[in-house]
Number of protein chains: 2
Amino acid sequence: MQLNELSDRSGISPASIKYYLREGLLPAGEAIHATRAEYSARHVERLELIQALRRIVGLNIGQIRLLVTMADDGVPRLDLLAAVQRVVLSLENYATAIGGEPAAATDAVVRLRGWPDAPSDARNALAAHLQLMASLNIPASADVLKTYSRAADDVAGIDIAATTAPESIDKLILTAAVGMHMHSQLLLKLLALAQASHAIRRYQDGA
Amino acid sequence: MQLNELSDRSGISPASIKYYLREGLLPAGEAIHATRAEYSARHVERLELIQALRRIVGLNIGQIRLLVTMADDGVPRLDLLAAVQRVVLSLENYATAIGGEPAAATDAVVRLRGWPDAPSDARNALAAHLQLMASLNIPASADVLKTYSRAADDVAGIDIAATTAPESIDKLILTAAVGMHMHSQLLLKLLALAQASHAIRRYQDGA
DNA sequence: GCCTTAGGATAGAGCCACTATCCAACGGTG
DNA sequence: CACCGTTGGATAGTGGCTCTATCCTAAGGC
């Protein structure tokens, strides 16, 4: 198919498709000659992925490019999933190599939960975040960490089954990213409702 | 103090301060005459609030204006806190009045947790989010909701004590918004680490 | 009474994600 | 065989957002 048909099938304007081509999110079609190129179902799928990552998950062009480049380079799926986690859960804005008290608190959480003692983006991000909280005078007590980490452990335990049946790399990224995003947002919404509920109860009992 | 001193004390450029004045985030100083205005400690505090909401929490100008307008209008603190929750936890992008299955699931969660059966932004957002998930073919099972809501309930239970000692309305907004943001991000980081840990264990056991 | 400076208004910058325009080349159609 | 319409490719423009820089007028201090 040619550009116009690709546009019709994906619902994305030709101008935007050209933009994605320029930005390296969408591989070039097979050039028939100077002014014709043939696109395939793979391009439709890629556009669906791009659309979902933009509109639903809210990633920017650079983040999407990172993911699709990894996919096209054929990096191992675990690395790919780690990258998805990094961009979807905003683990990327944290410098590595945090030391001192936050690192110790992070280690304590890992031991408490019996999680494998391996370095990861998530672990760095957690340590960095604890440091940030401390610097803002919002210390996270051991009690808070205990309760939060138990909650996270419980939730992660039932989440993990979701990453199955990847027909294609693009589909894998799509389901992983969208699923991760929606589940984290679900937890946040529930947290909001729980907070509101506790606040109501508290003010009613107090009044 | 005058504009330049306000700028020095807050670390915000005079141009930006003028911008905040124009946008209605910062009340005008007391006009001495046509070309002089006197600013007070209240303005410094307000600028700190604006800065924190922008840089740390990541709110945009419109969201900040909403909060400070409410504060200046003297709305009840509970309403103010609800508004803070709405913008910090992104409850605002959801239309109200969701019905059908998602609303039923939401009601079930409320009953299960023994939360007060009152309408709220959080409740609407939850129902809307469940609807969105269903439409994306990522249904949230009763099991998921049970585990997630228990986690949220636990976390909210220890969070609620944080909202104390508000010396001023601006400080109340600041601590509430920053605290809410940092705690929700903390939970997300822990969730990321938990997910990564479960994934590692799973792949190690499987391999 | 003059010169520096504050305040206020307006316009511009820089980033992002598109979107519209322009142009040369080619293929289908008559 | 010639021509019109469309395609692909490059480039420039748009709109929203958050500032930032410039300009001008009116005062206060010396």
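In what follows, chains are A, B, ... by sequence order, proteins preceding strands, each numbered from 1. The structure presented is a predicted model; accordingly, all values stated were derived computationally and were not measured.
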A:L130 and A:A105: which non-hydrogen atoms are nearest, and at how many Å? CD1-CB, 4.0 Å

Take atom CD of A:E23 and atom P of C:dC16, then tell me their distance rounded to the nearest Å. 10 Å

Between A:E23 (side chain) and A:R65 (backbone), is there a donor-acceptor pair under 3.5 Å? no

So, is A:Y19 close to the C:dC16 phosphate, meaning a side-chain N or O under 4.0 Å from OP1 or OP2? no

May I ask you to evaluate whether A:S16 reaches the phosphate of C:dT19, defined as a side-chain N or O under 4.0 Å from OP1 or OP2? yes

Short question: side chain of B:E38, backbone of B:M1 - any donor-acceptor pair under 3.5 Å? yes

Does B:H183 reach the main-chain N or O of A:A140 with its side chain, forming a donor-acceptor pair under 3.5 Å? no

Side chain B:S7, main chain B:L3, donor-acceptor under 3.5 Å: no

Answer yes or no: is there a donor N or O on one side and an acceptor on the other, between the side chain of B:D73 and the main chain of B:V75, under 3.5 Å? no

Checking B:T147 side chain against B:V144 main chain: does a donor-acceptor pair fall under 3.5 Å? no

Quick one: which protein N/O atoms are closer than 3.5 Å to N/O atoms of nucleotides 7-12 of chain C? Pair and distance per line, please.
residue: C:dG7; atom: OP1; partner: B:L3; partner atom: N; Å: 3.2
residue: C:dG7; atom: OP1; partner: B:A37; partner atom: O; Å: 3.2
residue: C:dG7; atom: OP2; partner: B:L3; partner atom: N; Å: 3.2
residue: C:dG7; atom: O4'; partner: B:T35; partner atom: O; Å: 3.4
residue: C:dG8; atom: N7; partner: B:K18; partner atom: NZ; Å: 2.8
residue: C:dG8; atom: O6; partner: B:K18; partner atom: NZ; Å: 3.2

Interface residues of residues 46-64 of chain A with DNA chain D (non-hydrogen, below 4.0 angstrom): none

Below 4.0 Å: OP1/OP2 of C:dA17 and any side-chain N or O of A:Y20: no

I'd like to know if the side chain of B:R46 and the backbone of B:L25 have a donor-acceptor N/O pair within less than 3.5 Å. yes

